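In what follows, every chain begins at residue 1, and chains take the letters A, B, ... in the order their sequences are listed. Note that the structure is predicted; figures quoted are calculated from it, not measured.
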Amino acid sequence: MAELTYRDAVAAGIAQELERDERVLFFGEDVAAAGGVFKTTVGLLEKFGPRRVRDCPISEQAIIGAAMGAAMTGLRPIAEIMFSDFLAVCWDMVANEIAKARYMSHGQIQLPLVIRTANGGGARFGAQHSQAVENWAMAIPGLKVVAPATPADVKGLIAAAVRDPDPVLVFEQKSLYAMKGEVPEGEHVDRLGTAKVLRQGKDCTIVALALMVHRALEAAETLEKEHGISCTVVDVRSLVPLDTQTILAEVAKTGRLVTVEENPRLCGWGAEVASIVADECFWNLDGPIVRITTPHVPLPSADQLEDNTIPSATRIVREIRERID
Amino acid sequence: MAELTYRDAVAAGIAQELERDERVLFFGEDVAAAGGVFKTTVGLLEKFGPRRVRDCPISEQAIIGAAMGAAMTGLRPIAEIMFSDFLAVCWDMVANEIAKARYMSHGQIQLPLVIRTANGGGARFGAQHSQAVENWAMAIPGLKVVAPATPADVKGLIAAAVRDPDPVLVFEQKSLYAMKGEVPEGEHVDRLGTAKVLRQGKDCTIVALALMVHRALEAAETLEKEHGISCTVVDVRSLVPLDTQTILAEVAKTGRLVTVEENPRLCGWGAEVASIVADECFWNLDGPIVRITTPHVPLPSADQLEDNTIPSATRIVREIRERID
Amino acid sequence: MATTTKRKKAAAADDIGQETRLELYRLQVELRYCEKRAYDLFLQNLIKGTSHLSLGQEAIAAGFGVAMRPDDWTFCTYRGHAHTLARGASMTGVLGELMGRSCGLLAGKGGSMHLTDVEHGVMGSYAIIGAHLPVAAGAALSAQYRGTEQVSVCFFGDGTTNIGAFHEAINFAAVWKLPVIFVCENNLYMEYTAIHTVTAVDHPAADRAAAYGLESVLVDGNDADEVYLTAMKYINRARKGGGPALIEAKTYRHSGHSRADPGKYRPEGELEKWLERDPLKIYRERLLQVGFAEGTLTDIETETMRKVEEATAAAKASPPPALDLIDKDVWADGGAAWRN
Amino acid sequence: MATTTKRKKAAAADDIGQETRLELYRLQVELRYCEKRAYDLFLQNLIKGTSHLSLGQEAIAAGFGVAMRPDDWTFCTYRGHAHTLARGASMTGVLGELMGRSCGLLAGKGGSMHLTDVEHGVMGSYAIIGAHLPVAAGAALSAQYRGTEQVSVCFFGDGTTNIGAFHEAINFAAVWKLPVIFVCENNLYMEYTAIHTVTAVDHPAADRAAAYGLESVLVDGNDADEVYLTAMKYINRARKGGGPALIEAKTYRHSGHSRADPGKYRPEGELEKWLERDPLKIYRERLLQVGFAEGTLTDIETETMRKVEEATAAAKASPPPALDLIDKDVWADGGAAWRN
Ligand SMILES: Cc1ncc(C[n+]2csc(CCOP(=O)(O)OP(=O)(O)O)c2C)c(N)n1
Ligand SMILES: Cc1ncc(C[n+]2csc(CCOP(=O)(O)OP(=O)(O)O)c2C)c(N)n1
Ligand SMILES: [Mg+2]
Ligand SMILES: [Mg+2]
């Protein structure tokens, strides 16, 4: 095990795959010479050269379209969209082209490609550089979607994404880039479609993703210690495929579900999870399903405002205390 | 009352507002001289002239951006996006700019504008011209969203949208354009944020939208007549604002909720409704919440395939029979 | 621009071998007959949904089709029947797809707007304006990266030049000198709106080439020889590392935009004028002029019609797609599961 | 291009009145001092998040600011502090917003990248590249529709010329002859990448004007006189119905792209070379040359510094925004309710 930041684990994941497979190449805006605006790709250009690690013009449609064209002709590109908010400028390429090509072509077209992007809030960047939009991607048939919460997961899931034969979107939470954690030495490849149970409790199952996992864990500590409420915490990790077995099993054990979502309220991933549980786990439920989300507002910029908009550990504690007996 | 097609009711709604308010103008691709590819805007150019009804280049970002710029400087534009799938090419303008401008500017910027678009399947147009993407819009804070199911509603809700001080997306279901129905004579303005109870039953509450409303009604007939299952049918009409009072009240009465969604499964509007009900109406539920959706696949093109992908009355009957006692 | 065109015309007389000439004719006849057949099949309501014909525009698909190497790639739009056939795709596969039959190129899953035949280098037909230009650039990047000397050819209409993806893709390709040829088929209209009413320049592609450091290339899209020679020139240049080209080919569609369109927005006499310049007519006359026998041409025509009949019969005989296709091929594992 | 530039320089000497000259200087000094103060406030960690300074680019904002009519509209990017101030926005409001205080122009809800001051015609700062070009065109449409003779001015960087919205907006504006001036501030870099490495032409805006039927306009963006005269010319033309313009102003940013950026990607000596061409230095020397007294200029400088100090103190004294703002102003009714 080595201790790495989430940021360095991203670079390590990409480097591992560039090293392993000549068909992998990586491109985006300011990613090569500058090592990325979040310094997540430092050293890749130096190590792999300008043929495989490339700086692009500010042309997100061209970048994602190029990844698609390269993938269908035998490469395994990794493209970066600097902030996940900018997926909106190339949403046609992602949602209408990449997601549908295999299906429409009756399986003729293969798209082994990865789109990495810095997602989520906490950096006081305001409403256009802070969105958690993993639910946008989850809503599109044909896309696989992961959102890792730790350095080990981000390395392992990037590697899994690169090796997957289908298009995968990797949502890296930008507030986690500085987080440190143990990452297995040597080759590390994780599995898409697997949630992780991080903590077992009796009273309530909290299902969270990315940054919210850490807040859920912190809240669970407090709830246990200060209020005698014992919570299971599940890190979803992968929205598509979704590990419903783990989620349903954990909810069945506690009889209660609380989702903690960074995305704004309406049609967030938690709504989907809630609807699955309300159908398939209904008879095991002991009380209402509770969703804790960013309220349905664009994200404000000033620090106090932002901190009180994205779900905090305090808010999770409060809501669970109020809603779970 | 006059009998109009849904298509003509669209034109009537736009005409009513162009007539009433000089600040209203209407533009899009092939909408003026040709009267729209769905013939929904026939006659408007002739009546209101090229200053107020305009043909645009194939530049969706420019079209929606222009609507935004015009709205913030005192006009009340109506812009057409020919197929709702194409919202993806201007999603930044819709989701990142229009939706957020008022909030970010601390209320300085007002955006009274309408985006109309032909949504949904049934016309054998394939995966890129048939999507039901109302859930994309619902997921974005700052957008109001309606999806009318009848000629009267489409006229009245377009009028309400034009008069609303906020940005409103109107999703017209393209398979309904030929449908005929009674539309009130003279000025007709509906209210955003109001669902309609179309049928009262005892066993189950079906919540549906747009084309699915008609299929739900048909299914409810069959269920009643042939299987003795009596269903309430609620037409949601407006996704944002959402008339949760009506939905919650109707679910409380029957104790069961079935949503019928044309959008693909994950993160559809029905998931949001299900999560609200599973929280706020939990103690009134007599059984699992059931969602009937287009499966989570891109839409196939051939007629038999398409017909078996989008929820049909037959499928609604079958699922309700299986799931509701 | 006029000069460019002239130089090409002159060259045409010399550089094209007899065999190539016959193939150019045969291909145009195939595209024409097959499109006409598609039109008949609509009228019989055997083709549902929409459909966009290339009647009148055949010289472009044929000229490029003949100029391309088998391992080169084509990217088409919804108006892509002709371009797909021009690479050698099966006519039964094309008509079958239009009719939503299981023999269709996509087994009915894609429909007329998404014809794809990877085996023949047809890397998809794209129905959202502009999207395939970046994709074609990406394929070219792959060819360049792997050193295969493959070239990517991307067809699109005049209306497409006003959308953002056009701009991004061509700059991107130019900066990286990618082997991709962007071919604008200027048929004067987007759907029902004349291109000149919505575009700031006269030649929507050629007048913009300079914005990407590319030379302005404007050709007569109804002259298969001219198209072929231009295609050869720029494809070969791209193959050798000379980078992308943007070619504008002037042409006209004889039918409406799609099956629903009677084309009433056209000024009187316009269609008639262009029918005079029908690419098949032009080319047939030229072949007779340069010494081909009438019989050689009628043989081609008869043989092609036989193929069309055969394909039609095969497509009609093909069953509708099996319903289990609905849940197939979202993912590479063949399935559609989004959960465990 | 070179000729265009020279003609402008010559004109500059004659056409600008003394009062205008002083205002151009005063404004540049204000923008410079305020940006420097913003930089100091970062270092003190009083400004959170990101921030993008216009140090070195002041002549453009000032030249346009002085040339515009009070009811004209400005559209800025995240690098918009200077352009916002140049229209008369309150310095306290700008610094307060950067610091996330309730006195901020947006009460802390928008942040440094979204400065907006509708009262002074600043119709927003847009942080996603290219988005505001279509919006500026839309405002121009509104002016044209209502016959108000207002003009819309849209500032953006060199890197922005490679995104789709740039292309769509300019064609759209050109086709409808909208009164909008697109101003490309070419500071040689996007974030950390040199523009020439990702762009197919030398002058990313000027070399593309012809693609929209517009004339190529390239000016020295560090010379406030030249900017001012060019602004006057094209704004007045647009006001009179002459349609849009695309202007490229060459300049350089003295600091990094944003607060996080030390600017290490710049070749050695480049910054120094451009510091020689500092717009304030150039302009101050020119004013002395044409006869202004040193004291007049130092008075302006002193007075401006006083304003900056005052604004800083006011912003520092302002409380953080009230938490109830979170649920305000999603909708025109002042609230955020998505349900009943
Ligand atoms: C982004 C987008 N906008 C609009 C359309 C609808 N549409 C389909 S074809 C077409 C006209 C295209 O014109 P052109 O590029 O000239 O091609 P042509 O059909 O003439 O071959 C339009 C507007 C679309 N498919 N995609
Ligand atoms: C669509 C989009 N892509 C990328 C970015 C990230 N980004 C912010 S500023 C910038 C560079 C812009 O360069 P330029 O247009 O030259 O403006 P400058 O910052 O030099 O003023 C980039 C890439 C963005 N904000 N939006
Ligand atoms: Mg055309
Ligand atoms: Mg720049």
Side-chain angles (χ1 to χ4, degrees), chain A residues 61 85-97 99-100 103-104 126-128 131 133 135-136 138-142 239-240 242 257 259 263-283 285 287-291 294-298 300-301 323, chain B residues 61 85-97 99-100 103-104 126-128 131 133 135-136 138-142 239-240 242 257 259 263-283 285 287-291 294-298 300-301 323:
Chain A
Q61 293 189 77
D85 315 69
F86 312 162
L87 284 170
V89 299
C90 54
W91 197 235
D92 177 57
M93 300 308 314
V94 177
N96 287 335
E97 312 300 340
K100 294 172 173 52
Y103 189 83
M104 293 196 302
Q128 292 186 337
Q131 292 171 89
V133 301
N135 58 327
W136 297 8
M138 187 182 189
I140 309 297
L239 292 174
V240 183
L242 185 66
L257 167 64
T259 63
N263 52 218
R265 165 77 202 207
L266 295 182
C267 299
W269 62 261
E272 185 58 45
V273 168
S275 77
I276 294 167
V277 168
D279 182 349
E280 301 176 33
C281 206
F282 180 79
W283 301 111
L285 283 177
I289 295 175
V290 177
R291 288 177 60 203
T294 293
H296 205 61
V297 302
S301 163
R323 303 296 308 280
Chain B
Q61 294 189 76
D85 315 68
F86 311 161
L87 284 170
V89 300
C90 53
W91 197 235
D92 177 56
M93 301 307 315
V94 177
N96 287 335
E97 312 301 339
K100 295 172 171 52
Y103 189 82
M104 293 196 303
Q128 291 185 339
Q131 291 171 90
V133 300
N135 58 327
W136 296 8
M138 188 183 187
I140 308 298
L239 293 174
V240 183
L242 184 67
L257 167 64
T259 62
N263 51 220
R265 165 78 202 206
L266 295 182
C267 299
W269 62 261
E272 184 58 45
V273 168
S275 77
I276 294 167
V277 167
D279 183 348
E280 302 176 32
C281 206
F282 181 80
W283 302 110
L285 284 176
I289 294 175
V290 177
R291 287 177 60 205
T294 292
H296 205 61
V297 302
S301 163
R323 302 295 309 279

side-chain contact (heavy atoms from CB on, under 4.5 Å) filter on B:S301, not counting sequence neighbours, yields none

Can you classify the ring geometry of A:F282 versus B:F282 as parallel (below 30°), tilted (30 to 60°) or perpendicular (above 60°)?
tilted

Heavy-atom contact with chain B under 4.5 Å, split by part of A:L285
both

Can you measure from CD1 (A:I276) to OG (B:S275) and round to the nearest 0.5 angstrom?
12.0 Å

Is there side-chain contact between B:Y103 and A:V297, with at least one heavy-atom pair below 4.5 Å?
yes

Can you tell me how far the CD1 atom of A:I140 sits from the CG atom of B:N135, to the nearest 0.5 Å?
7.5 Å

Going by the salt bridge (Lys or Arg N to Asp or Glu O under 4.0 Å) test, which pairs reach into residues 268-281 of chain B, not counting sequence neighbours?
A:R265-B:E272, A:R291-B:E272, A:R323-B:D279, B:E280-D:R339

Taking the side chain as every heavy atom from C-beta outward, state whether A:W283 and B:P288 have any atom pair closer than 4.5 Å.
yes

Kindly indicate, with the supporting measurements, whether the criterion side-chain contact (heavy atoms from CB on, under 4.5 Å) is fulfilled by B:K100 and A:Q131.
CA-CA 11 Å; B:K100 295 172 171 52; A:Q131 292 171 89; 2.9 Å; yes

If one checks every heavy atom of A:M104 against chain B at 4.5 Å, the contacting part turns out to be side chain

Looking at chain B, which one of A:G270, A:P141, A:A95 has the largest number of heavy-atom pairs inside 4.5 Å, strictly under?
A:P141

What is the distance from atom CD of A:Q128 to atom CG of B:N96, rounded to the nearest 0.5 Å?
5.5 Å

Measure A:P264 against the heavy atoms of chain B and call it side chain, backbone, both or neither at under 4.5 Å.
side chain

Most contact-rich option vs chain B, by heavy-atom pairs under 4.5 angstrom, among A:A127, A:A274, A:G268, is A:A127

Approximate separation, where rounding is to 0.5 Å, of A:D92 CG and B:F86 CZ
9.0 Å

Of all the heavy-atom pairs spanning A:C267 and B:M138, show the shortest one and how long it is.
SG-SD, 3.5 Å

Toward chain B, the part of A:V133 with a non-hydrogen atom under 4.5 Å:
neither

Residue among B:G287, B:C281, B:P300 with most heavy-atom pairs under 4.5 Å to chain A:
B:G287

